[in-house]
Amino acid sequence: MYYVAHVDKNICSQTSCHLCTTFCPETNCINYSEQDKSAYISVDRCKSCEICVYICREVAKNNAIQMKWINDLEDGFMIKKSGLVLR
Ligand code: SF4
Ligand code: SF4
């Protein structure tokens, strides 16, 4: 197991700048929820590079993203499903 990025929705939703979704090098890894007004991580795609942590803290000045041990994610984690689903 490993560390993954985790967005604090309460902090992110106060600005919702979308910057991290632009800078994450992994496709479809950070997405944006219009319902929550917050970015969120598809943790199965996160490569733990911490670029989003830097962007949110130093550029967005919001500090809404922390690296967390994957087993310690409080609300579980979201798996992005892609490709064919066989029935
Ligand atoms: S950079 Fe930070 S504040 Fe901006 S959308 Fe991402 S998590 Fe939210
Ligand atoms: S740690 Fe890297 S790969 Fe993971 S969400 Fe942040 S920018 Fe994307």
Side-chain angles (χ1 to χ4, degrees):
M1 302 310 267
Y2 47 90
Y3 285 94
V4 292
H6 176 75
V7 179
D8 185 322
K9 293 179 183 176
N10 293 326
I11 300 174
C12 176
S13 62
Q14 293 174 28
T15 60
S16 305
C17 68
H18 292 62
L19 276 177
C20 58
T21 63
T22 303
F23 284 92
C24 175
E26 187 69 20
T27 306
N28 292 333
C29 181
I30 305 183
N31 296 295
Y32 188 81
S33 166
E34 288 295 343
Q35 183 178 340
D36 293 339
K37 303 294 181 202
S38 171
Y40 68 93
I41 313 290
S42 293
V43 298
D44 58 320
R45 301 191 63 81
C46 178
K47 301 299 185 289
S48 309
C49 70
E50 301 191 30
I51 289 174
C52 59
V53 176
Y54 173 82
I55 292 294
C56 189
R57 185 182 60 220
E58 303 297 334
V59 182
K61 305 291 187 191
N62 217 17
N63 210 20
I65 307 179
Q66 306 289 331
M67 300 305 292
K68 278 198 170 187
W69 190 243
I70 192 168
N71 283 357
D72 292 340
L73 295 176
E74 290 138 17
D75 49 356
F77 51 85
M78 189 167 307
I79 297 294
K80 175 179 168 51
K81 298 188 188 308
S82 59
L84 293 173
V85 177
L86 300 177
R87 295 174 188 269

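All ligand and atom numbering here is 1-based and tracks the order in the structure.
Side-chain contact check for Arg45 versus Asn28: some heavy-atom pair is nearer than 4.5 Å. Contact check for Ile41 versus Val4: no side-chain heavy atoms found under the 4.5 Å cut-off.
Here His18 does not reach atom 4 (Fe) of ligand 1: none of its N/O/S atoms is less than 2.8 Å from the metal.
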Residues Gln66, Asp8; criterion side-chain contact (heavy atoms from CB on, under 4.5 Å); working and verdict: CA-CA 8 Å; Gln66 306 289 331; Asp8 185 322; over 6 Å; no
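The protein non-hydrogen atom at the shortest distance from atom 2 (Fe) of ligand 1 is Cys56 SG, 2.3 Å. Protein heavy atom at the shortest distance from atom 3 (S) of ligand 1 is Asn62 ND2, 3.0 Å. Looking at atom 8 (Fe) of ligand 1, its nearest protein heavy atom turns out to be Cys12 SG, 2.3 Å.
Partner Ile65 forms a side chain to side chain contact (heavy atoms under 4.5 Å, CB included) with one of Ile55, Val7, Ile51 and no other, that one being Val7.
Of all non-hydrogen atoms in Tyr3 and Trp69, the two that sit nearest each other are CD2-N, 3.3 Å. The minimum heavy-atom distance between Ser48 and Tyr2, with the atom names listed, is OG-CD1, 4.1 Å. When all heavy atoms are compared, the tightest approach of Ile30 to Ala39 is CG2-CB, 3.9 Å.
Within the 4.0 Å heavy-atom criterion, the part of Ile65 lying near ligand 1 is the side chain and not the backbone. Neither the backbone nor the side chain of Cys20 comes within contact range of ligand 2; no heavy atom lies under 4.0 Å.
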Donor-acceptor contacts under 3.5 Å from residues 10-17 side chains, at least two apart:
{"residue": "Ser13", "atom": "OG", "partner": "Lys9", "partner atom": "O", "Å": "2.8"}
{"residue": "Ser13", "atom": "OG", "partner": "Asn10", "partner atom": "O", "Å": "3.4"}
{"residue": "Gln14", "atom": "NE2", "partner": "Asn10", "partner atom": "O", "Å": "3.0"}
{"residue": "Thr15", "atom": "OG1", "partner": "Asn62", "partner atom": "ND2", "Å": "2.9"}
{"residue": "Ser16", "atom": "OG", "partner": "Tyr32", "partner atom": "OH", "Å": "3.0"}
{"residue": "Ser16", "atom": "OG", "partner": "Lys37", "partner atom": "O", "Å": "2.8"}

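The atoms of ligand 2 that sit less than 4.0 Å from any heavy atom of Pro25 are 7 (S). Atoms of ligand 1 lying under 4.0 Å from at least one heavy atom of Cys17, given by number and element, are 1 (S), 3 (S), 4 (Fe), 5 (S).
Under the 4.0 angstrom criterion for non-hydrogen atoms, Thr15 is in contact with ligand 1.
Between atom CZ of residue Arg57 and atom SG of residue Cys20 there is a gap of 13.5 Å, rounded to the nearest 0.5 Å.
The number of protein N/O/S atoms found under 2.8 Å from atom 4 (Fe) of ligand 2 is 1.
Cluster annotation: Val59 is not connected to Val53 through the hydrophobic network of ILVMFWY side chains, with a link wherever side-chain heavy atoms come within less than 4.5 Å.
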